[in-house]
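All residue numbers in this chain count up from 1 along the given sequence.
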Amino acid sequence: MTKQSFTLVSHHLCPYVQRVAIAFIEKGIDFDRIFIDLANKPDWFLALSPLGKTPVLRVGPHAVLESSVILEYLEDTQPNALHPAEPFARAEHRAWVEFASAVLSDIAGFYTASDVATFESRTTELTRKFDHVERRLGAGPYFEGARFSLVDAAFGPVFRYFDVFDRIGDFGVLSGRPKVADWRANLAARDSIRCSVTEDYEARLWHFLEARKAHVSRLMPADAAAQCGGLVSARGQIHASSSCVHHAS
């Protein structure tokens, strides 16, 4: 039987791409990865993705679109399930993956807010959402105890944003939530979370935020860029950890 080949069409900063990469790594499935510039989308990519969004998963001659669909496809076709088996628990986990998407939408509103009032509104909404998360979490170390799930895969990229936001200031979004803090730390320590991005991710995100010229951009300390993993090279080199089970191309 011919081994199935997987290629994940990616953008360096896309949190939805990261979810899929995390799932692949957790399932122990080798995959290739192609990074594209969403500001200059190649024709072949637009032929695969009519909406021009990442991720796209190429499975042989086929293409699977949308991170939630890709995750479910992998659950349906690949071993090492990341959803619970019990139907109600599985439905709840799917709902929390969608909740993570809503958090990512608020994060986008946070870093694109052009004025103080909008920025504070987005901060308040993020804080409210993490109140819900704090109430739902148990003893850990992961969302549903000892077993890593797709909810963890969805929230790993969420917390990665705050690794950079924390260098800008203390906005209070995650403050006073000990279970959230523990969950964040446990996810950051997991290989699949770490390996879902290139080593220059924080530098790329820092420069992206600077370029937005939004309210949060004006709060960024000029001397902090060097602390965010160094500068991205002019050629945009990819520095993938050799311990990760994917191949950057």
Original post:
Less than 4.5 Å apart, any side-chain heavy atom of Glu144 and any of Val151?
Top reply: no

Subject >> Shortest non-hydrogen contact from Ser49 toward Val56 >> reply: CB-CG2, 3.7 Å

Original post:
Is the number of heavy atoms from other residues, nucleotides or ligands under 6.0 Å of Asp76 CG greater than 12?
Top reply: yes

Original post:
Do Arg135 and His132 have side-chain atoms, one donor and one acceptor, less than 3.5 Å apart?
Top reply: yes

Subject >> Asn80 side chain vs Lys27 backbone, donor-acceptor pair below 3.5 Å >> reply: yes

Original post:
So do Leu74 and Leu57 actually touch side chain to side chain, heavy atoms under 4.5 Å?
Top reply: yes

Subject >> Check: Arg90 side chain, Ala85 main-chain N or O, donor-acceptor pair, under 3.5 Å >> reply: yes

**OP:** Check step by step if side-chain hydrogen bond (donor to acceptor under 3.5 Å, both in side chains) holds for Ser217 and Arg212.
**Re:** CA-CA 7 Å; Ser217 309; Arg212 298 297 304 186; over 6 Å; no

**OP:** Examine distances only and state if a side-chain atom of Glu134 and a backbone atom of Lys179 form a donor-acceptor pair shorter than 3.5 Å.
**Re:** yes

Original post:
With side chains defined as the heavy atoms from C-beta onward, is the minimum distance between Glu125 and Phe110 less than 4.5 Å?
Top reply: no

Original post:
Does the side chain of His215 come within less than 4.5 Å of Arg122's, by heavy atoms?
Top reply: no

**OP:** Could you tell me whether Glu92 and Arg136 have a side-chain N and a carboxylate O separated by less than 4.0 Å?
**Re:** yes

Original post:
Is the side chain of Lys129 donor-acceptor paired with the backbone N or O of Val103 at a distance under 3.5 Å, no angle test?
Top reply: no

Subject >> Side chain Glu66, main chain Val69, donor-acceptor under 3.5 Å >> reply: no

Subject >> Exercise: identify the closest heavy-atom pair between Val158 and Ala100 >> reply: CG2-O, 4.2 Å

**OP:** Determine, using ring centers only, whether Phe24 and Phe6 are less than 6.0 Å apart.
**Re:** yes

Original post:
Can you find a heavy atom in the side chain of Ile34 that is under 4.5 Å from one in the side chain of Phe45?
Top reply: no

**OP:** Report the C-alpha distance between Tyr111 and Phe208 in whole Å, list the side-chain angles of each, state the deciding distance to 0.1 Å, and finish with yes or no for ring pair (Phe, Tyr, Trp, His ring centres under 6.0 Å).
**Re:** CA-CA 10 Å; Tyr111 67 66; Phe208 171 80; 5.5 Å; yes

Original post:
Can the ring centroids of Phe165 and Phe162 be said to lie less than 6.0 angstrom from one another?
Top reply: yes

Subject >> Minimum heavy-atom distance Gly172-Thr127, with the two atoms named >> reply: O-OG1, 4.2 Å

Original post:
Backbone N or O of Val164 within a donor-acceptor pair of the Glu202 side chain at under 3.5 Å?
Top reply: no

Subject >> Side-chain donor/acceptor of Asp200 to backbone N/O of Ala203, under 3.5 Å >> reply: no

Original post:
Is the shortest heavy-atom distance from the side chain of Arg160 to the side chain of Ser196 under 4.5 Å?
Top reply: yes

**OP:** From the options Tyr142, Phe148, Phe159, Phe130, select the one residue that forms a ring-ring contact (aromatic ring centres under 6.0 Å, His included) with Trp183.
**Re:** Phe159

**OP:** Would you check if the distance from the ring center of Phe119 to the ring center of Phe171 is below 6.0 Å?
**Re:** yes

**OP:** Flag the pair Gln18 / Ile193 as yes when at least one side-chain heavy-atom distance between them is below 4.5 Å, and no otherwise.
**Re:** no

Original post:
Is His93 close to Asp152 at the side-chain level, that is, under 4.5 Å between some pair of heavy atoms?
Top reply: no

**OP:** Look only at the side chain of Thr118 and the backbone of Ser114, and say whether a donor-acceptor pair between them is shorter than 3.5 Å.
**Re:** no

**OP:** Write down the atom of Arg147, the atom of Pro84, and the distance for their closest heavy-atom approach.
**Re:** NH1-N, 3.8 Å

**OP:** Without swapping roles, check the side chain of Arg177 against the backbone of Ser175 for a donor-acceptor pair under 3.5 Å.
**Re:** yes

